[in-house]
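As structure tokens, the structure follows; a few thoughts come after it.
Letters A, B, ... mirror the listed sequences (proteins, then strands); counts begin at 1.
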Protein chains: 2
Amino acid sequence: MDRETKQTRMQAFEAQCRSQSVRLTFQRRVILEAALDLDNHPTADRVFETVAKRTPGVSRTTVYRTLETLVRMGVITKTPHPSSVVRYDPRVETHHHLICQRCDDVIDISDARLDALPVPDTSDLGFEVLDVRVQLRGICRRCRERKEERS
Amino acid sequence: MDRETKQTRMQAFEAQCRSQSVRLTFQRRVILEAALDLDNHPTADRVFETVAKRTPGVSRTTVYRTLETLVRMGVITKTPHPSSVVRYDPRVETHHHLICQRCDDVIDISDARLDALPVPDTSDLGFEVLDVRVQLRGICRRCRERKEERS
DNA sequence: TTAAGTGCAAAAGCTTTGCGGGTAG
DNA sequence: CTACCCGCAAAGCTTTTGCACTTAA
């Protein structure tokens, strides 16, 4: 994420902490900074490693707890992923995913046409739709090349 | 899943086992049957419980291993889910999801208009798209009712 | 000052692995 | 017959919890 966007996001977070009386601690700032720097849907552990490199002493537990706090605040999100590890996503704006069926890798893409999809009516289910995202499921380049090798 | 569809699926599985020389064991049949009977993206553990009720003696390990085998064969899929537990899905045809941002619940929906979405061009990324699915992210009925209570 | 947050250690899930015995083809 | 599969027990990861100490407001 570019420096300017990141700075804006950090300021928004700080403002939100003040307005919601969530304590603005050193750890929370560092953890959010690390999350904003990681693309590709980092796990809590990857965020922990990044934080640990920059400022040793922050505990793994705090990283786990803080990421959940940030999700509840709406500052980051959890992203659906086929795997037994929670994935976080610092991108909060609408975007879409390529999902490899073979290696479970998830790649971000942007596509204006997909952003403009009409929202189907789900009022009969009582579900309030806030955001529409598309998954393109298939086989990624690496897996395709590997498959061709074998044949 | 209705009896007829299930029977067709079981027969297709058996045929695939023969053609790919995958051993057709008692356990594999029972585990696939249980998975086909479970909606709502069962975890391996839920499949295990269902199998255990019907035919005690099948081990949890075998359920974990077999579900992975079925995924590799393309008989079932893993479905992306925001949580630290793998979710399987017996539905292999295109369908879409409502994802609740508050409780992480994932609800299946069918929508012909969404099925017909144009496939964006991903050839520059070397990604081969096989299927397009949509996530409608928002708040489910139960969480909305709970929120209103609080206010 | 004090309620909220943190670190540590330990517990609690979920999933995988190694291995001896069993079985489908 | 024999390569593949199963069950068991144990290990390996990821995530959560309880509690005493620290700190932002």
Is the backbone of B:R65 close enough, under 3.5 Å, to the side chain of B:T69 for a donor and an acceptor to pair up by distance?
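Here the side-chain-to-backbone pair exists.
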Quick check against the 3.5 Å criterion: does A:T122 have a side-chain atom that pairs as donor or acceptor with the backbone of A:L125?
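No; zero donor-acceptor contacts below 3.5 Å.
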Between the base of D:dA25 and the side chain of A:R23, is there a donor and acceptor pair under 3.5 angstrom?
no
Value in whole Å for how far the [atom2] atom of [N] lies from [atom1] of [X]:
| X | N | atom1 | atom2 | value |
| --- | --- | --- | --- | --- |
| B:R87 | C:dT15 | CZ | C1' | 15 Å |
| B:Q20 | C:dG25 | CD | C1' | 16 Å |
| B:R28 | D:dC4 | CZ | P | 11 Å |
| B:L24 | C:dT23 | CG | P | 15 Å |
| B:D104 | D:dT15 | CG | P | 13 Å |
| B:Y88 | C:dC14 | OH | P | 13 Å |
| B:R72 | C:dT16 | CZ | C1' | 13 Å |
| A:R46 | D:dT14 | CZ | P | 13 Å |

Determine the contact category for A:S84: base if any of its heavy atoms lies under 4.0 Å from a base atom, sugar-phosphate if only primed atoms, P, OP1 or OP2 are that close, otherwise nothing.
sugar-phosphate
Base, sugar-phosphate, or nothing: which does B:R65 touch, judged by heavy atoms less than 4.0 Å apart?
base
Would you please confirm or rule out a distance under 4.0 Å between OP1 or OP2 of [N] and any side-chain N or O of [X]?
| X | N | result |
| --- | --- | --- |
| A:Q27 | C:dG7 | yes |
| A:T62 | C:dT6 | no |
| A:T25 | C:dT6 | yes |
| A:Y64 | D:dT15 | yes |

Please tell me which of B:T61 and B:S21 maps to the more 5' nucleotide of DNA chain D, matching each residue to the nucleotide holding its nearest heavy atom.
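The residue closer to the strand's 5' end, by nearest nucleotide, is B:S21.
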Of B:T43 and B:V22, whose nearest nucleotide on DNA chain C comes first from the 5' end?
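Checking each residue's closest nucleotide, the 5'-ward one belongs to B:T43.
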Return the 5'-most residue of the pair B:C17, B:V86 with respect to DNA chain C, ranking by each residue's nearest nucleotide.
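Final value for this comparison: B:V86.
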Residues forming a salt bridge (charged side-chain N to carboxylate O under 4.0 Å, His left out) with A:R133, sequence neighbours excluded
A:D131
Between B:H97 and B:H41, does the ring-ring contact (aromatic ring centres under 6.0 Å, His included) criterion hold? Intermediate values first, please.
CA-CA 11 Å; B:H97 285 154; B:H41 323 102; 4.9 Å; yes
Least distance between heavy atoms, A:V132 atom then A:H96 atom:
O-CE1, 3.9 Å
